[in-house]
**Q** 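Mind looking over this structure? Questions follow.
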Amino acid sequence: MWSLDGTSGALHERVAASIRRAISSGELPPGAALPTAKELAGSLGVNANTILRAFAVLSDEGLIDVRRRRGAVVTARADRARLIELADALLDEAARLGITRGELTLLLARRS
């Protein structure tokens, strides 16, 4: 269903990014059930604990709801997932340019 792009970054973050993209694109709308951690781990060729860590990241971002023995369900709209993707890209670009998070925060505060 999803693939892992790139080779940099923690594996669970790459898994989370892949699922986040699927939510952002509308491939996974609100209410959609995600495969089990075991199923997804098998299809991606990773450990189930990696998937569970990715689910925790997405849950913390408010994109999915994870319930023990019930699985994970998408709770956020595509626009929220897209905003998180843009924020990640902004942080990556700032780091590439040598701009600290504090400097970026000040820059954004001046623009609001």
Side-chain angles (χ1 to χ4, degrees):
M1 178 178 259
W2 298 287
S3 62
L4 299 179
D5 297 334
T7 56
S8 64
L11 191 53
H12 75 280
E13 288 290 346
R14 292 173 45 214
V15 171
S18 179
I19 296 169
R20 194 180 298 112
R21 276 191 303 278
I23 295 170
S24 175
S25 71
E27 181 183 343
L28 285 174
L34 292 164
T36 66
K38 185 177 179 180
E39 292 169 344
L40 193 51
S43 70
L44 294 175
V46 300
N47 186 290
N49 287 328
T50 300
I51 303 300
L52 292 173
R53 287 183 70 191
F55 282 1
V57 167
L58 296 167
S59 179
D60 289 346
E61 292 174 350
L63 298 179
I64 67 171
D65 182 32
V66 181
R67 300 215 177 172
R68 190 173 174 102
R69 299 188 190 262
R70 291 188 185 171
V73 176
V74 176
T75 57
R77 297 186 339 228
D79 53 354
R80 180 175 176 90
R82 178 69 182 136
L83 184 60
I84 292 169
E85 286 181 316
L86 290 170
D88 287 344
L90 178 62
L91 288 168
D92 289 346
E93 184 65 12
R96 189 184 71 74
L97 296 171
I99 298 171
T100 67
R101 286 184 183 224
E103 291 169 326
L104 183 58
T105 299
L106 288 174
L107 177 68
L108 291 172
R110 289 184 191 132
R111 297 214 174 268
S112 58

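Side chains are part of it too, since the values below use all heavy atoms of this structure and drop only hydrogens, waters and symmetry mates.
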**Q** Are Val57 and Val15 connected in a single hydrophobic cluster, I mean Ile/Leu/Val/Met/Phe/Trp/Tyr linked by side-chain heavy atoms less than 4.5 Å apart?
**A** no
**Q** Leu11 and Ile19: same hydrophobic cluster, using ILVMFWY side-chain contacts below 4.5 Å?
**A** yes
**Q** Mind listing the closest non-hydrogen atom pair of Pro35 and Phe55 along with its distance?
**A**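 What the structure gives for the nearest pair is O-CZ, 3.7 Å.
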**Q** Of Glu27, Glu61, Glu85, which meets salt bridge (charged side-chain N to carboxylate O under 4.0 Å, His left out) against Arg20?
**A** Glu61
**Q** Tell me if a side-chain donor or acceptor on Glu103 pairs with a main-chain N or O of Thr100 at a distance below 3.5 Å.
**A**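 Between the backbone of Thr100 and the side chain of Glu103 there is a qualifying donor-acceptor contact (under 3.5 Å).
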**Q** For Val74, which of Asp65, Ile23, Leu63 qualifies under side chain to side chain contact (heavy atoms under 4.5 Å, CB included)?
**A**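 Per the side chain to side chain contact (heavy atoms under 4.5 Å, CB included) rule, the option paired with Val74 is Ile23, out of Asp65, Ile23, Leu63.
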**Q** Taking the side chain as everything from C-beta on, heavy atoms only, tell me whether Leu108 gets closer than 4.5 Å to Leu90.
**A** yes
**Q** With a 4.5 Å heavy-atom cut-off, do Asn49 and Leu52 have their side chains touching?
**A** yes
**Q** For Ala10, is there any backbone N or O sitting under 3.5 Å from a side-chain donor or acceptor partner on Glu13?
**A** no
**Q** Can you confirm whether Leu104 sits close enough to Leu91 that some side-chain heavy atom of one is under 4.5 Å from a side-chain heavy atom of the other?
**A** yes
**Q** Give me the atom names and distance for the closest heavy-atom approach of Ala16 to Ala54.
**A**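 So the minimum-distance heavy-atom pair works out to N-CB, 3.8 Å.
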**Q** Do Leu40 and Val46 come within less than 4.5 Å of each other through their side chains, counting heavy atoms only?
**A** no
**Q** Determine the minimum heavy-atom distance between Ala78 and Gly26, stating which atoms define it.
**A**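 In this case the closest contact between Ala78 and Gly26 is CB-N, 4.4 Å.
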